[in-house]
Amino acid sequence: MNNQIEKWVRPEIRALAAYHVPDAGDFIKLDAMENPYTWPESVVDDWLNILREVSLNRYPDPSSSELKEGLRREMAIPPNMEILLGNGSDELIQMILLTVLGQGRKVLSPEPSFSMYKMISTFVGLEFVGVALDDNFELDLAVMLEAIKQHQPAVVFLAYPNNPTGNLFDDTSIRAIIEASPGLVVVDEAYHAFASRSFMDKLPHYDNLVVLRTLSKMGLAGLRLGLLVGPKAWLSQIDKVRLPYNINVLTQASTAFALKHHAMLEEQTARIRKDREALMQQLASLAAIKVYPSQANFILFRVPQGRVSAIFEHIKGKGVLIKSMHGASPKLAHCLRVTVGTPGENDAFLAALKSAL
Ligand SMILES: *Cc1c(COP(=O)(O)O)cnc(C)c1O
């Protein structure tokens, strides 16, 4: 049996560690950037009435046209730009990479950043080049431009705001990277709902820029819907590797419904932005830790050397699950990341952290 695995499973797959998602159990879950708020009962009732009408015996609308209309309206998508939908934005990252796949081709992204850029590059068979951010987690433009010149990447990913650091990279640097890139530049705006800036309105200025968004961090993580927005020339090619019916009927109907209640989601994300500032101030008042600025729904902070595991475990012992970034990248040594939850959850986390320190 093991002989077969060694003979047939690609070495780069055998070398990968599976993407590990810890069992949440009864923890207060502040590890995965989820929106902690649910819907009022009357809204849930209206939603269930819509689902009653969905035909599970039929294939979904292959182009999700009603859904795209709703997204175009709510996300200020420029009129001459196309939309491509994915089963989460993770699937769109995979589709982009399958489209450019080829011997010796490379994908480039700053590091630390979203782990799936490297993971998906590796499993589709593209070489991944990580370029270190500076000590403030800002793009080191000279180093980025040199790496682009040297490696000629097919795709550059820029998470904006960046995960797991929380900051928005400098706009002028991003523009210089788009202009210097020989291939596609993907600005990944997964945390757009919590940020003050976007590249969506810059799309018409570049023919090698696409913007990636997701509904996951806005409050619909369970639905799995991501969208890629950009020029038709690129999107019509990427669309060819999409599996037919990748957006199921329940997701299509539920997302169209949720978009009609956009104001409710907007209220929830506004609340999270406000609570992020309160949590940030509380963290900043703790002398033992260093907090990094955030335009996302999470906060990265660094604890004293040698104590990260003990602090993480202590917080977990108090029933609060956050994420340890220690070991994920040299720049993230002794770092922990906490998702902004409800005020009560944030207080529970702060109390646990203070007692750990
Ligand atoms: C969470 C996240 C995604 C993936 O979101 P899904 O749509 O849930 O697959 C993409 N990019 C970044 C930067 C993220 O943090």
Side-chain angles (χ1 to χ4, degrees), residues 19-22 29-36 64 67 71 75 83-98 107-121 123 128 130 133 137 139 155-169 174 184-195 197-200 210-230 242-243 246-248 251-252 254-255 258-259 265 269 272 276 292 294-300 322-323 325 328-329 332 335 337-340:
Y19 189 73
H20 177 65
V21 180
K29 217 176 157 311
L30 300 179
D31 65 327
M33 281 80 93
E34 291 149 329
N35 173 339
S64 310
L67 193 47
L71 289 165
M75 294 215 170
I83 306 173
L84 194 56
L85 301 183
N87 186 1
S89 44
D90 289 343
E91 190 192 31
L92 289 162
I93 295 170
Q94 184 179 16
M95 282 161 56
I96 292 166
L97 296 182
L98 287 173
V107 174
L108 188 144
S109 170
E111 253 187 349
S113 189
F114 185 45
S115 61
M116 294 311 283
Y117 305 146
K118 182 176 184 179
M119 182 128 176
I120 299 175
S121 297
F123 71 58
F128 179 83
L133 293 169
F137 300 129
L139 291 167
V155 181
V156 175
F157 285 102
L158 299 170
Y160 181 85
N162 191 34
N163 172 12
T165 60
N167 57 312
L168 285 168
F169 297 138
I174 294 183
L184 191 63
V185 177
V186 182
V187 173
D188 180 351
E189 297 189 349
Y191 300 96
H192 165 255
F194 311 98
R197 301 200 304 267
S198 167
F199 266 73
M200 190 68 91
V210 291
V211 169
L212 188 61
R213 294 259 181 103
T214 174
L215 301 191
S216 295
K217 314 295 159 54
M218 272 172 58
L220 301 170
L223 280 183
R224 309 303 300 132
L225 193 90
L227 56 150
L228 185 68
V229 184
R242 183 173 63 88
L243 295 179
N246 64 329
I247 311 300
N248 72 70
T251 297
Q252 290 199 28
S254 303
T255 312
L259 287 175
L265 293 176
T269 50
I272 293 167
R276 174 187 68 203
Y292 292 92
S294 170
Q295 297 240 1
N297 63 340
F298 59 84
I299 296 173
L300 184 78
I322 63 171
K323 176 105 174 168
M325 302 310 305
S329 150
L332 294 172
C335 282
R337 185 191 69 194
V338 62
T339 305
V340 181

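Whatever order the structure lists them in is the order used to number ligands and atoms, beginning at 1.
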For the aromatic rings, using the six-membered ring if either is Trp, is the centroid distance between [X] and [Y] under 6.0 Å?
{"X": "F298", "Y": "Y191", "value": "yes"}
{"X": "F114", "Y": "F157", "value": "no"}
{"X": "F169", "Y": "Y160", "value": "no"}

Determine the minimum heavy-atom distance between I299 and R276, stating which atoms define it.
-> CD1-O, 3.9 Å

Taking every non-hydrogen atom, the tightest pair across R224 and T251 = O-CG2, 4.0 Å

protein heavy-atom neighbour closest to atom 5 (O) of ligand 1 works out as S89 OG, 3.1 Å

Residue, atom name and distance, where the atom is the protein heavy atom closest to atom 15 (O) of ligand 1 | Y191 OH, 2.6 Å

For [X], take its heavy atoms, then give the atoms of ligand 1 lying under 4.0 Å from any of them.
{"X": "K217", "answer": "1 (C), 2 (C), 3 (C), 5 (O), 14 (C), 15 (O)"}
{"X": "G88", "answer": "7 (O), 9 (O)"}
{"X": "S216", "answer": "6 (P), 7 (O), 8 (O)"}
{"X": "R224", "answer": "6 (P), 8 (O), 9 (O)"}

Which residue from D188, L212, T214 reaches closest to atom 7 (O) of ligand 1 through any of its heavy atoms?
-> T214

Stepwise, does the side-chain hydrogen bond (donor to acceptor under 3.5 Å, both in side chains) test hold for E189 with S198?
-> CA-CA 7 Å; E189 297 189 349; S198 167; 2.9 Å; yes

